[in-house]
Undergrad: 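Here you go, one structure.
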Amino acid sequence: MHGEYKVPGGKLVVVDVDVKDGVLRHARVAGDFFLEPDEALDAVNAALEGAPADTDAAGLAARIEAALPAGTVMYGLTAEGVGIAVRRALAHATDWTDYDWQLVHEGPQPPALHMALDEVLTAEVAAGRRPPTLRVWEWASPAVIIGSFQSLSNEVDPEGARRHGVDVVRRISGGGAMFVEPGNTITYSLSVPEALVQGLSFQDSYAYLDDWVLGALGDMGIRAWYQPLNDIATDQGKIAGAAQKRIVGPDGAPGAVLHHVTMAYDIDADKMLEVLRIGKEKLSDKGTKSAKKRVDPLRRQTGLPREAVIGRMVDSFRARYGLTQGKVTDGELARAQELARTKFTAPEWVARVP
């Protein structure tokens, strides 16, 4: 069995391993990482030999760390990364390059339709009728998008939203509220087969699916990193938040994962604070007293127009994994429009947690 895992901010780890009588046999770890001394690699392989095949990534990492020679130094490699690569091998996980990726980047659309498109396109990937898809959003109007489990009244000031003409919608994924304005926000969705994240914990899947955009930001001169559970941060502040939803395939078959990210290109912080109710408790673990300091726009950090930032992100994805231009089909659009009407604009959904 063969598994691969790109350590976030690090290097690729490759594991080939057999299972016999319920334990790991003949484990062979490789990759483009750096490891000193040389005999540490033999120690890693030996630590995996004989481990129960149901050992989780943390358990495998503990075996590896206990076996490493004194003074071992890892560059671009972690014991946990090796453990994850093993779990992905045993789960028969796929790799980004196993798929023909499709780009969907269409004109501005209403917030409720974006919510519906995420659900419809990810369900199509789960059913095998659509290839894995990177969808870049364009916004027709300003909006607040609250997480699936958030309280509407706790998160949004209704008078502020009305005054500024801000639509309020609820997405199918968890996480926190996002304030977006056309031209000031970069939002994208990944709709991917569940097999791509097999063997990864929920937290690890965030880092794994965000790794490409960290590379794209790095190419633009921004040193960014994944900050658990669902933020992308720089030394200037948070620049993005991610959220996920798992969608089951037909008849309980392996499904698909929706991973969507909202990035602040520019932001009207005063308007945001008039629309969102951001409590002190939420800020207490962020090391800041002001919500204005929590989000640092990409415009200032890159000096590039929004369209150029998006273009460079797409080009980076294409260079890594390949990407062909696609579109939302007529059937997908019709289903999304119906879902936007019956679900995502319905008070029963928007205020389902009052």
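The basis for the numbers below is simple: all heavy atoms, side chains too, and nothing from hydrogens, waters or symmetry mates. This structure is a prediction, so every number in the text was calculated from the model and none was measured.
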Undergrad: To which residues is Val14 joined in a hydrophobic cluster, defined by side-chain heavy-atom contacts under 4.5 Å among Ile, Leu, Val, Met, Phe, Trp and Tyr, whether direct or through other members?
TA: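 Under the 4.5 Å side-chain rule, Val14 groups with Leu12.
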Undergrad: Taking the six-membered ring for Trp, are Tyr321 and Trp96 parallel (under 30°), tilted (30 to 60°) or perpendicular (over 60°)?
TA: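 Tyr321 vs Trp96 ring planes: parallel.
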Undergrad: Is there a salt bridge (Lys or Arg N to Asp or Glu O under 4.0 Å) between Asp204 and Arg87 once you walk through the steps?
TA: CA-CA 12 Å; Asp204 288 334; Arg87 296 310 315 167; over 6 Å; no
Undergrad: Give a yes or no on whether Lys245 atom NZ has more than 12 heavy-atom contacts from other residues, nucleotides or ligands under 6.0 Å away.
TA: no
Undergrad: So with a 6.0 Å cut-off around CG of Asp235, is the heavy-atom count from everything else above 12?
TA: yes
Undergrad: What residues, two or more places apart in sequence or in another chain, satisfy ring-ring contact (aromatic ring centres under 6.0 Å, His included) together with Trp225?
TA: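 For Trp225 there are no ring-ring contact (aromatic ring centres under 6.0 Å, His included) partners, ignoring immediate neighbours.
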Undergrad: Parallel, tilted or perpendicular: which describes the rings of Trp139 and Trp137, with under 30° parallel and over 60° perpendicular?
TA: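 If you compare the ring of Trp139 with that of Trp137, the planes turn out tilted.
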Undergrad: For Arg341, is there an ion pair with Glu338 - N to carboxylate O distance below 4.0 angstrom?
TA: yes
Undergrad: CZ of Arg135 to OG1 of Thr187: how many Å apart, nearest 0.5 Å?
TA: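 Those atoms lie 9.0 Å apart.
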Undergrad: Listed by chain and number, what are the ring-ring contact (aromatic ring centres under 6.0 Å, His included) partners of Tyr206, not counting sequence neighbours?
TA: Phe202, His259
Undergrad: If you measure from the Lys or Arg side-chain nitrogens to the Asp or Glu carboxylate oxygens, is any gap between Arg162 and Glu159 under 4.0 Å?
TA: yes
Undergrad: Roughly how far, to the nearest 0.5 Å, is the CD1 atom of Ile247 from the CD atom of Glu124?
TA: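 Reported to 0.5 Å precision, the distance equals 10.5 Å.
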Undergrad: Report the relative orientation of the aromatic rings in Trp212 and Tyr188; use parallel for angles under 30°, tilted for 30 to 60°, perpendicular for over 60°.
TA: perpendicular
Undergrad: Got a salt bridge between Arg312 and Asp315, using NZ or NE/NH1/NH2 to carboxylate O under 4.0 Å?
TA: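 Salt bridge: no.
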Undergrad: Is a side-chain donor-acceptor pair under 3.5 Å present for His105 with Glu138?
TA: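 Looking only at side-chain atoms, His105 and Glu138 do form a donor-acceptor pair, the distance falling under 3.5 Å.
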Undergrad: Checking side-chain hydrogen bond (donor to acceptor under 3.5 Å, both in side chains) for the pair Arg352/Ser148: CA distance, chi angles, key distance, verdict?
TA: CA-CA 9 Å; Arg352 76 182 189 111; Ser148 181; 2.5 Å; yes
